[in-house]
There are 2 protein chains.
Amino acid sequence: MLALVVPIAKRRKEDVTVKLIAVFKQLIAEGTLEPGGRLPAERELAESFGVSRSSLRQALKVLEIMGVISQRVGDGTYLNKGADAILREPMEFLILLDGISAHELMEARLLVEPELAARAALRGSDEDVAEIYKELRAMEAAKEDHAKFVAHDLLFHQAVFHAAGNRVTSLMFSVVHKSLDKLITMTSQVVEPEHTLTLHRRIYQAIRKRDQDESRRRMTEHLVDARDLLSRAAEKQSHFQMAARIQSLKKKETRPSR
Amino acid sequence: MLALVVPIAKRRKEDVTVKLIAVFKQLIAEGTLEPGGRLPAERELAESFGVSRSSLRQALKVLEIMGVISQRVGDGTYLNKGADAILREPMEFLILLDGISAHELMEARLLVEPELAARAALRGSDEDVAEIYKELRAMEAAKEDHAKFVAHDLLFHQAVFHAAGNRVTSLMFSVVHKSLDKLITMTSQVVEPEHTLTLHRRIYQAIRKRDQDESRRRMTEHLVDARDLLSRAAEKQSHFQMAARIQSLKKKETRPSR
DNA sequence: GGGATTTATTGGTATTACCATTCCCCTCAG
DNA sequence: CTGAGGGGAATGGTAATACCAATAAATCCC
């Protein structure tokens with residue numbers, strides 16, 4: 001575990017909200033708050049922290065959107081266990097603000113996933129490999145249903161990540177996958193499922209053989225193929241978006257200055 | 001650019017806050033809001049959206065913490081341009097909640113950065129390579145100042161990322177670097193700077209020679225070394241944390257249930 | 001014309017009130 | 001004794017209001 005918590009000093013000119021978030025971080029790090037545990041009611045928390053409920057709610061809302069906590073009316077606030085979705089919202093904004101294209105996301109996959117496949121071949125347990133096979137079978141069973149087919153395609157890759165045994169990359173790229181989901185689904189409608197399946201089978205077999213080099217090559221082969229297919233789909237997509245944008249080009253929310 | 005915006009339907013049982021965030025996402029995607037641009041005042045925005053200022057502020061706070069916007073009292077609210085820090089807070093919580101260790105973060109670096117070094121050797125422009133060299137020189141100049149030395153160490157790696165030309169991985173791992181920053185600084189105090197410098201020089205020279213394989217090997221060499229050094233430092237760190245935790249083990253914020 | 005001062009605007013915080021949902025406990029019928 | 005039902009309390013969600021502090025623009029004064 002790391003030392004992420006910032007000392008309570010130096011927190012002078014910051015928002016109450018920011019301070020509160022830091023406090024929660026501290027409480028989680030200390031173990032005072034346990035995953036799955038229930039937090040005190042907002043009114044109590046606000047009082048014990050010496051802040052208004054509105055300010056507290058701002059902090060809690062941030063944590064909720066980030067997936068750290070869950071709130072349910074009439075019930076209470078709970079600290080989430082795993083936080084898979086924690087990077088999703090931020091990543092979406094990142095893609096929007098920095099104008100990151102599908103192509104660039106695929107390039108990122110191409111950089112990382114081959115190495116992960118190699119690692120999966122090296123360190124994956126038999127159970128891990130079985131899980132990869134399971135998703136391969138699920139893909140075969142869902143040839144007709146594009147959405148389901150793509151879902152299991154991505155789960156196949158997630159299984160490879162898991163076999164590689166590094167949660168950091170796994171979590172990061174699950175977000176990348178999610179961002180690409182729709183586009184991949186679009187693409188899959190113009191590609192023969194058997195084509196995709198063949199490439200995945202090769203990856204699986206290479207990992208099963210514990211052949212690192214071939215695993216890396218096969219994953220590269222698949223992603224290069226997917227990248228090129230996606231690029232073409234993305235072009236159409238962007239034409240589509242362009243047309244839609246023309247209509248809503250009345251700037252009505254921004255304002256110059258005063 | 002991707003299609004991340006969710007259709008306005010299906011937004012029924014969600015928070016006003018969540019809806020508002022979706023609206024902002026939409027406005028950014030449309031281009032109605034431009035990076036660097038100024039948003040209307042909170043009071044105006046709230047009225048035009050038909051929500052209370054409190055609810056609007058919750059949404060804005062989320063966006064601010066994520067680094068999407070910046071707010072300044074007496075001035076106004078602005079849409080940020082690049083959003084480098086957007087993943088930082090979420091990542092810190094992720095590390096806390098999932099209990100990700102420094103070792104695991106280093107493993108992630110070890111998986112990804114060698115390939116990025118190879119890519120930098122392949123595609124980096126001469127300017128990119130010069131930038132890497134600049135950070136190497138900065139490291140040499142800061143041998144005595146551990147904090148500065150580590151800062152330029154990480155900037156060296158960032159420069160390699162930039163040379164590799166993929167912003168996705170670059171953004172992701174800048175967060176990983178930041179999380180490791182303190183620990184690396186601790187470690188650097190017990191390591192001869194010249195040792196670290198030698199390893200970095202080899203990486204730089206390999207990239208400069210445009211030798212992909214050697215770049216990959218040299219980066220691996222460096223990170224394996226760093227990982228092992230860090231693991232030892234992390235042990236001490238965890239002992240330290242353990243001692244601190246014992247004192248603050250009075251659970252005062254959680255409560256069973258009612 | 002330039003620096004100091006005033007003034008209006010803006011985000012930050014707190015308080016209060018009310019609503020809808022949920023849970024818990026108690027009652028009552030079987 | 002058990003289970004179904006109801007009512008009340010607690011909880012998060014939203015809104016409205018008031019005031020503060022910081023900022024920037026306009027104004028004033030020298």
Side-chain angles (χ1 to χ4, degrees), chain A residues 8 10-24 27 33 36-80 89 253-258, chain B residues 10-24 27 33 36-80 85 89 253-258:
Chain A
I8 42 179
K10 277 197 171 181
R11 302 217 158 272
R12 296 186 181 169
K13 297 191 71 175
E14 292 175 340
D15 276 359
V16 171
T17 307
V18 176
K19 288 183 198 167
L20 285 176
I21 291 176
V23 169
F24 280 112
L27 292 175
L33 295 179
R38 184 171 185 273
L39 277 67
E42 290 186 349
R43 291 164 179 84
E44 292 179 37
L45 265 182
E47 192 185 6
S48 75
F49 284 148
V51 300
S52 71
R53 200 183 150 208
S54 353
S55 297
L56 175 71
R57 274 185 63 75
Q58 288 183 31
L60 290 178
K61 208 67 201 174
V62 173
L63 297 185
E64 199 197 13
I65 299 291
M66 291 201 308
V68 177
I69 61 173
S70 296
Q71 295 192 293
R72 285 189 296 275
V73 274
D75 188 354
T77 304
Y78 298 85
L79 186 63
N80 288 161
E89 282 290 333
E253 293 304 338
T254 46
R255 198 187 62 166
S257 184
R258 57 182 164 184
Chain B
K10 277 198 172 182
R11 300 220 159 269
R12 296 186 182 170
K13 298 193 70 177
E14 290 175 340
D15 276 359
V16 171
T17 306
V18 175
K19 287 184 199 168
L20 285 175
I21 292 176
V23 169
F24 280 111
L27 292 175
L33 295 178
R38 186 173 185 272
L39 278 68
E42 291 186 349
R43 292 164 178 84
E44 293 179 37
L45 264 184
E47 192 186 6
S48 76
F49 284 148
V51 300
S52 72
R53 200 184 149 206
S54 348
S55 297
L56 176 71
R57 273 185 64 72
Q58 289 184 31
L60 291 178
K61 209 67 200 174
V62 173
L63 298 184
E64 198 196 15
I65 300 291
M66 293 200 309
V68 178
I69 61 173
S70 295
Q71 295 191 293
R72 286 188 297 275
V73 273
D75 188 354
T77 304
Y78 298 86
L79 187 62
N80 287 159
E89 283 289 333
E253 293 304 338
T254 45
R255 198 187 59 169
S257 184
R258 59 181 162 187

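Every heavy atom of this structure was used, including side-chain atoms; hydrogens, water molecules and symmetry mates were not.
Here the closest heavy-atom approach between residue A/I69 and residue A/L60 is recorded as CD1-O, 3.4 Å. Annotation for A/I21 and A/V62: closest pair CD1-CG1, 3.8 Å, computed over non-hydrogen atoms. The two residues B/L56 and B/A46 come nearest to each other via the heavy atoms CD2-N, 3.6 Å.
Going from atom CZ of A/F49 over to atom C1' of C/dA14 covers 17 Å, rounded to whole Å. Rounded to an integer number of Å, the gap from B/L56 CG to C/dG12 P is 11 Å. As a whole-Å value, the separation of A/E44 CD from D/dA9 P is 17 Å. Rounded to whole angstrom, the span from the CD atom of B/E42 across to the P atom of D/dC20 amounts to 18 Å. Counting to the nearest Å, the P atom of C/dG11 and the CZ atom of B/R38 are 7 Å from each other. The CG-C1' distance, from B/L45 to C/dT9, rounds to 15 Å in whole Å.
Of the candidate nucleotides C/dT22, D/dT23, D/dG13, D/dT23 has the atom nearest to the side chain of B/D75. Residue A/V51 places its side chain closer to C/dA14 than to any other of D/dG12, C/dA14, D/dA22. Relative to the side chain of B/R53, the nucleotides D/dG13, C/dT13, D/dA24 differ in distance, and C/dT13 lies closest. Distances from the side chain of B/R57 to the nucleotides C/dT15, C/dG12, D/dG13 place C/dG12 closest.
In this structure, B/S54 reaches the bases: a heavy-atom distance under 4.0 Å links it to at least one base atom across the strands shown.
Distances shown here put every side-chain N or O of A/T17 at or beyond 4.0 Å from the OP1 or OP2 atom of C/dG12. Note on B/Q71: every side-chain N or O is 4.0 Å or more away from OP1 and OP2 of C/dT10.
Sequence order on DNA chain D of the closest nucleotides to B/R43 and B/Q58 puts B/Q58 first from the 5' end.
Scanning atom types as modelled, no donor and acceptor separated by under 3.5 angstrom connect the side chain of A/T77 and the base of D/dT11. At a cut-off of 3.5 angstrom, counting only N and O atoms as typed in the model, there is no donor on one side facing an acceptor on the other between the side-chain of A/R72 and the base of D/dG13.
Of the possible polar contacts, one joining the B/R38 side chain to the B/D75 backbone as a donor-acceptor pair under 3.5 Å is found.
Within the 4.5 Å cutoff, no side-chain heavy atoms of A/F24 are placed close to those of A/V68.
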